[in-house]
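First the structure, in the form of structure tokens, and then the observations on it.
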There are 2 protein chains.
Amino acid sequence: MSGYGQFCPVSQALEIVGERWTLLIVRELLCDDYRFNELLNGLPLISRSLLSQRLKSLEEAGLVERQEREKGVVVYRLTQAGRELEPIVMGLGTWARRWVEHNLSPDDLDPVLMMWDLRRRLDTQRLPAEQTVVQFWFRDVPAKVSRYWLCVERPDVELCMTNPGFDVALTVEAKLRTMVEVWMGHRDITEALRTRAIELKGDPKLTRAFPSWLLLSSFANIPRAAST
Amino acid sequence: MSGYGQFCPVSQALEIVGERWTLLIVRELLCDDYRFNELLNGLPLISRSLLSQRLKSLEEAGLVERQEREKGVVVYRLTQAGRELEPIVMGLGTWARRWVEHNLSPDDLDPVLMMWDLRRRLDTQRLPAEQTVVQFWFRDVPAKVSRYWLCVERPDVELCMTNPGFDVALTVEAKLRTMVEVWMGHRDITEALRTRAIELKGDPKLTRAFPSWLLLSSFANIPRAAST
DNA sequence: CGGTATCCCCCGCGATACTG
DNA sequence: CAGTATCGCGGGGGATACCG
């Protein structure tokens with residue numbers, strides 16, 4: 001059994017985008033075109049084979065194009081049809097912020113996703129013009145996945161999972177949960193800094209400007225619904 | 001495996017409404033409060049046990065309330081949280097009308113769903129004030145499920161699956177596919193009448209007014225996207 | 001009518017290994 | 001690196017029977 005046996009357009013839409021993972025893949029591609037392995041960063045628990053399958057379905061359905069950007073570099077890109085799912089995806093996120101109790105389970109705290117998401121939301125104009133490396137250190141997660149480096153060179157930001165070797169201008173230290181809570185707007189960033197839940201070490205100018213160049217999640221400012 | 005392992009609100013929303021059937025149940029309840037067996041009319045292929053499960057999940061998640069309307073009559077009703085999914089559901093339908101090729105498979109033509117949907121979209125003000133019975137006859141489907149009766153008594157409309165016995169003021173005869181295509185706006189209603197793809201037999205006043213009191217699907221007027 | 005419980009099958013999916 | 005092929009399992013869900 002696969003279809004819904006209906007002529008209703010809602011069911012037709014769901015036959016295409018209703019499968020597990022599909023709308024999350026679309027969410028990633030709404031941010032940018034990505035390569036296969038880049039997509040895995042934003043979808044912590046998906047398996048390679050399943051991502052492969054889903055991309056193929058999306059391509060067949062005409063929502064995604066496979067594109068060879070350079071020799072040997074394949075990226076996935078939304079078509080117009082895919083891009084028009086943006087209000088749906090954003091609407092789902094907004095709805096969740098309004099109505100879903102946000103007590104994050106430890107299983108939902110993934111440092112790679114955190115950094116991958118954060119990388120997309122830096123105001124590089126408020127960062128130095130010359131190359132700058134910011135290190136993030138989540139002290140409470142296993143050492144192998146606890147440190148990340150953002151190499152900022154306007155307007156590019158690269159996320160490194162291993163030490164790139166350049167001088168670190170600023171180190172951000174926090175528990176992963178703290179960082180996620182601040183990122184999602186569950187917790188005030190200035191409060192977290194004041195109480196040292198987030199510690200900044202390094203260039204004072206970068207430190208002072210931190211709340212201005214670290215844009216938060218695009219869902220951070222959605223207010224909860226009035227409790228009934 | 002059940003969750004997505006993410007703190008992203010989109011994934012949190014999908015953990016609640018992303019399961020198979022869930023948004024279609026919400027779609028039904030956006031139209032009205034319904035009883036268990038009424039919901040089955042709008043969800044042709046769902047099994048009773050699965051509908052039961054899903055309603056329970058929706059209740060736990062706070063999107064649906066189980067309510068005893070009268071003694072022994074239970075209806076399901078959306079909460080405010082559930083009702084706020086309306087733009088999502090409508091958005092999905094609109095997206096499908098714009099982008100999904102609508103060649104309806106025979107499996108997607110369900111006469112009960114057709115009538116169930118149609119019942120919700122009658123302009124009763126344009127129908128007689130006294131009780132009026134309109135019969136629908138889909139000549140190409142098995143006899144057992146080919147005839148339906150709408151008993152209209154402003155502002156109520158009741159759908160009967162068996163002959164209610166009252167005088168029939170108007171009979172509408174068509175192939176099921178024709179009716180669905182007209183209903184969905186794939187085919188022009190006046191053309192279908194002119195070519196006798198839809199035949200009306202009975203009260204001339206009801207016949208003349210037919211296109212005015214038969215409102216079409218709420219998705220009937222969404223234009224397709226410009227073909228790229 | 002309005003569901004619930006049980007049983008059992010199938011296929012969606014993860015794990016693993018493999019290829020260019 | 002960027003996937004694809006194969007295999008095996010677990011649980012989602014259909015069928016059926018049952019209850020109040």
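Values below: all heavy atoms of this structure, side chains included; hydrogens, waters and symmetry mates excluded. As the structure is a prediction and not an experimental result, all values here were calculated from the model.
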Only distances under 3.5 Å count here; give the side-chain donor-acceptor pairs of residues 84-95 of chain A to other protein atoms, sequence neighbours excluded, each with its distance to 0.1 Å.
unit_1: Glu84(A); atom_1: OE1; unit_2: Arg98(B); atom_2: NE; d: 2.8
unit_1: Glu84(A); atom_1: OE1; unit_2: Arg98(B); atom_2: NH2; d: 3.4
unit_1: Glu84(A); atom_1: OE1; unit_2: Trp99(B); atom_2: NE1; d: 2.9
unit_1: Glu84(A); atom_1: OE2; unit_2: Gln80(A); atom_2: NE2; d: 3.0
unit_1: Glu84(A); atom_1: OE2; unit_2: Arg98(B); atom_2: NH2; d: 2.9
unit_1: Thr94(A); atom_1: OG1; unit_2: Met90(A); atom_2: O; d: 2.9
unit_1: Trp95(A); atom_1: NE1; unit_2: Ala81(B); atom_2: O; d: 2.8

Which atom pairs, donor and acceptor, lie under 3.5 Å between side-chain atoms of residues 63-70 of chain B and protein residues at least two apart or in another chain?
unit_1: Arg66(B); atom_1: NE; unit_2: Tyr76(B); atom_2: OH; d: 3.4
unit_1: Gln67(B); atom_1: OE1; unit_2: Arg77(B); atom_2: NE; d: 2.9
unit_1: Gln67(B); atom_1: OE1; unit_2: Arg77(B); atom_2: NH2; d: 3.4
unit_1: Glu68(B); atom_1: OE2; unit_2: Gly72(B); atom_2: N; d: 3.0

Contacts table for residues 9-19 of chain B: side-chain donor-acceptor under 3.5 angstrom, sequence neighbours left out:
unit_1: Ser11(B); atom_1: OG; unit_2: Cys8(B); atom_2: O; d: 2.8
unit_1: Glu15(B); atom_1: OE2; unit_2: Tyr4(B); atom_2: N; d: 3.0

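Per the geometry, CG belonging to Leu50(A) stands 16 Å off P belonging to dT16(C), to the nearest Å. Atom CD in Glu19(B) sits about 16 Å away from atom C1' in dC13(C), given to the nearest Å. In this structure, OH of Tyr34(A) is placed 18 Å from P of dC1(D), rounded to the nearest angstrom. Atom-to-atom, CG of Leu51(A) to P of dG12(C) comes out at 17 Å; the value is rounded to the nearest Å. As rounded to whole Å, 14 Å separates atom P of dG12(C) from atom CZ of Arg20(A). For the pair Leu43(A) CG and dG14(C) C1', the computed distance is 16 Å after rounding to whole Å. As a whole-Å value, the separation of Leu39(B) CG from dG3(C) C1' is 13 Å. For Tyr4(A) and dG14(D), the OH to C1' distance is 16 Å, given to the nearest whole Å.
Within the structure, every pair that satisfies the salt bridge (Lys or Arg N to Asp or Glu O under 4.0 Å) test and touches residues 136-155 of chain B, not counting sequence neighbours, is listed here: Arg139(B)-Glu173(B), Arg139(B)-Glu199(B). Sequence neighbours left out, the pairs with a member in residues 110-120 of chain A that pass salt bridge (Lys or Arg N to Asp or Glu O under 4.0 Å) are Glu28(A)-Arg120(A), Asp117(A)-Arg120(A).
Between Trp116(A) and Tyr34(A), the distance separating the two ring centers is shorter than 6.0 angstrom.
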What N/O pairs connect the protein and nucleotides 3-7 of chain D at under 3.5 Å? Give each pair on its own line.
unit_1: dG3(D); atom_1: OP1; unit_2: Arg66(A); atom_2: NH2; d: 2.9
unit_1: dG3(D); atom_1: OP1; unit_2: Tyr76(A); atom_2: OH; d: 2.9
unit_1: dG3(D); atom_1: OP2; unit_2: Tyr76(A); atom_2: OH; d: 3.4
unit_1: dG3(D); atom_1: N7; unit_2: Arg48(A); atom_2: NE; d: 3.2
unit_1: dG3(D); atom_1: N7; unit_2: Arg48(A); atom_2: NH2; d: 2.9
unit_1: dT4(D); atom_1: OP1; unit_2: Lys56(A); atom_2: NZ; d: 3.4
unit_1: dT4(D); atom_1: OP2; unit_2: Ser52(A); atom_2: OG; d: 2.2

